Amino acid sequence: MSTCKTLARICSKTSRPYPLPLIQCRHESSTRRHKKLLHLPEAPSYTPDSSAPTLVFNPPSSAPNVYHTPLKFLPQNDRRRQLYSDALTVSTHSALRKKASSVAQPGTPLATSSLLPPIPSVSLPSPVRQPYNKKYHLTEEDIEEIRKLRTKNPNTWTRVKLAEKFGCSQFFVSMVVKAPEKAERVSAEHQQARERWGPRRRMAREDRARRKEMWGRDE
Amino acid sequence: MKRIRISRCGTQLLAQPSSRRPPCPCAPPLQRHITPHNYRIQSRWQSTAVLADDAENTVQPKTKYPPEVLPSPHPSASRDSAKLSALRSRLSLPPRFPLETLARTLVHPSADPNSAFNNGSLSILGSNLLGYYTTEYFLCNYPRLPMSVVFAAQYAYIGPKALATIACEWGIEAAAEPGGEVDPGLLQFRRLRSGDDIPDALKLKIPKKWNITTTHKILTSDEFGSASRQPAPEELARQPVPLEEAAQSFVRALIGSLHLHLGPPAVKRFYRDHFLSRHLDLDKLFDFRTPTRDLSRLCAREGFEAPVARLISETGRLSRHPVFVVGVYSGKDKLGEGAGSSLDEARVRAAAAALKGWYLYRPVEVTVPSSTEGGMGADKWRPNMVDCGEVIV
């Protein structure tokens with residue numbers, strides 16, 4: 001089935017519903033303007049400060065090699081620490097001397113290569129999830145209260161509700177107290193729901209689980 | 001040990017050396033006196049065509065038994081075997097390595113139960129040597145590698161399948177049935193017929209215990225951490241075995257006999273050329289179940305700041321195929337980077353990459369313990385790094 005409109009439908013709509021004058025509207029369409037827009041300062045790695053021949057190291061953006069141990073993971077007596085810190089000084093000097101152009105900002109493909117340590121002045125990217133500090137604010141009485149509520153009525157006091165009430169994580173609630181009967185019932189319900197799946201949904205879910213296992217294998 | 005000088009054996013049977021292609025008149029004459037040191041150079045220096053008038057001069061094995069009654073070829077028959085000489089040249093072994101020993105390494109205990117004529121004892125020695133060299137290579141070069149990965153890597157380098165593949169690449173052919181009249185250059189073993197079950201000696205298991213830990217695997221099982229154990233050569237006598245078992249026993253026995261005849265330096269060179277030169281992607285052997293949790297445990301253990309996943313770049317968040325690039329940072333240092341089609345996937349992959357970066361650390365200069373054998377490089381010995389172990393959650 002083609003998603004293109006048939007010729008008849010296109011032709012039927014060509015009649016202008018209201019008589020607007022044809023205004024000539026000019027966009028960025030001339031060669032000169034485009035050239036001017038695309039004229040950007042070169043990436044800092046392509047502009048060596050000395051006229052002597054230097055090595056231009058500008059690899060394409062790709063995942064860093066896992067065999068390159070990060071600086072933090074090197075032991076204290078490793079000679080590569082000295083090399084990394086020398087490279088860091090050089091890159092910091094050159095970065096402070098030359099302002100990176102807008103296309104070479106961090107996060108773009110022309111940014112400083114990931115093999116080198118990051119420049120300390122550059123701000124870090126935003127976190128995926130907001131980092132938090134553990135509070136350790138619950139006392140023994142609170143934990144007893146959690147246990148009492150959950151064992152008394154596990155249907156009302158679910159993990160989510162207890163976590164909201166006491167300001168802890170659901171995982172902490174499950175560590176403190178377990179409701180095995182409810183867990184069995186819920187897992188039986190889930191199993192029943194899974195048995196009602198058709199072949200397509202079942203295959204999709206199994207594939208998803210298989211893909212998730214591949215995350216840890218890095219395939 | 002007295003060296004057997006048989007380098008000139010059989011030379012009188014060979015025709016005059018003839019070059020394979022007509023020599024170019026402009027080219028400088030070839031330097032014939034240089035022995036090829038690289039095993040990859042497989043040039044034939046001598047034609048093995050036997051001259052017609054030399055046919056009656058061929059050495060017959062001087063035994064009182066006819067060769068058909070012997071379970072494996074007589075040692076004296078190995079001097080006449082073109083296959084054995086070709087194999088020795090192909091592996092670029094020096095001529096002082098005797099052909100008789102090479103022939104003995106090709107006899108599996110299933111063909112000849114007599115331990116003086118089969119390769120059982122040499123195979124045990126070679127197996128220990130291979131395990132020693134591989135283990136010290138991994139433990140010194142990758143001191144942080146988890147033990148399960150070390151086991152898997154050893155299996156990939158010197159496991160039965162790898163050894164059988166190496167024997168196949170060396171051009172070892174198997175005899176259909178062992179016997180005294182067979183060419184000694186063929187691998188001799190009693191073949192397992194198609195569809196038959198493998199013998200009980202190869203199915204031997206280590207006694208089952210309820211607590212099989214990594215420590216138990218290191219202490220009680222073989223270098224691969226497997227649950228089965230190597231069968232003793234006597235258990236395999238007259239038993240039909242698969243080709244893989246016979247081929248691996250040949251490779252191990254060859255290493256053992258090289259050690260006895262040529263000494264450890266030659267074995268180390270041979271091991272480096274034929275075994276360590278095989279490429280293995282160590283980073284593909286990892287299988288993390290909870291990489292994010294492992295990484296935060298690692299950072300807590302080593303005293304780093306807690307790892308934080310940060311979104312480096314993204315594209316197509318609202319489309320059908322988004323790509324997120326997430327880096328794991330500890331403080332201001334990036335530990336790893338991963339890309340995925342969801343934020344969770346990219347985060348997990350980045351944590352796995354960071355863990356691999358930790359485990360695959362390789363020191364700059366490494367001296368393996370076997371390099372100081374015999375007091376050769378004892379002054380250059382430098383203590384290796386010993387890591388405190390993998391992350392246990």
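Lettering of chains follows the sequences in order, A, B, ..., and the numbering in each one begins at 1. Computed from a predicted structure; not experimentally measured.
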*Output the option from Met385(B), Lys284(B), Lys356(B), Glu345(B) having the highest count of non-hydrogen pairs under 4.5 Å with chain A.*
Glu345(B)
*How many angstroms lie between atom CZ of Arg289(B) and atom CH2 of Trp215(A), to the nearest 0.5 angstrom?*
14.5 Å
*When Leu335(B), Val308(B), Leu343(B), Val325(B) are compared by non-hydrogen pairs under 4.5 Å with chain A, the top option*: Leu335(B)
*Please state whether the side chain, the backbone, both or neither of Thr290(B) comes within less than 4.5 Å of a heavy atom of chain A.*
neither
*Mind checking the CZ-OG1 spacing from Arg347(B) to Thr292(B)? Nearest 0.5 Å is all I need.*
5.5 Å
*Could you tell me whether the side chain of Met203(A) reaches within less than 4.5 Å of the side chain of Arg200(A), counting heavy atoms only?*
no
_Gap separating the OH atom of Tyr271(B) from the OG atom of Ser277(B), nearest 0.5 angstrom_ = 10.0 Å
_For Asp207(A), run the salt bridge (charged side-chain N to carboxylate O under 4.0 Å, His left out) check against Arg211(A), Arg205(A), Arg210(A) and tell me which one passes._
Arg210(A)
*Could you look at Leu355(B) and say if it's the side chain, the backbone, both or neither that has a heavy atom under 4.5 Å from chain A?*
neither
*asked:* Within the structure provided, determine whether Asp142(A) and His137(A) are in side-chain contact (heavy-atom separation under 4.5 Å).
replied: no
*Distance from Thr156(A) atom OG1 to Arg150(A) atom CZ, nearest 0.5 Å?*
10.5 Å
*Would you call Phe286(B) and Asp218(A) a side-chain contact if the rule is heavy atoms closer than 4.5 Å?*
no
*Assess whether salt bridge (Lys or Arg N to Asp or Glu O under 4.0 Å) is satisfied between Lys72(A) and Glu305(B), documenting all intermediate values.*
CA-CA 11 Å; Lys72(A) 202 149 210 175; Glu305(B) 295 99 328; 2.6 Å; yes
_Within residues 141-161 of chain B, residues adjacent to chain A where the heavy-atom gap is under 4.5 Å_ = Tyr142(B), Arg144(B)
_Does any backbone or side-chain atom of Tyr361(B) lie under 4.5 Å from a heavy atom of chain A? Answer side chain, backbone, both or neither._
both
*Do you know which of Leu282(B), Val364(B), Asp387(B), Leu285(B) has the most heavy-atom pairs under 4.5 Å to chain A?*
Val364(B)
*Decide whether Glu223(B) and Thr134(B) meet the rule of one side-chain donor and one side-chain acceptor closer than 3.5 Å.*
no
*Go through Asn77(A), Leu74(A), Val128(A), Thr69(A) and name the one with the most non-hydrogen pairs under 4.5 angstrom from chain B.*
Val128(A)
*Specify which of Pro291(B), Ala339(B), Ser330(B) makes the most heavy-atom pairs with chain A at under 4.5 Å.*
Ser330(B)
_Using a 4.5 angstrom heavy-atom cutoff, name the option from Arg79(A), Glu213(A), Lys212(A) with the most pairs to chain B._
Arg79(A)
*Under 4.5 Å from any heavy atom of chain A - which part of Ala309(B)*: both
*Side-chain donor-acceptor pair under 3.5 Å between His190(A) and Ser187(A), yes or no?*
no
*Under 4.5 Å from any heavy atom of chain A - which part of Glu314(B)*: neither
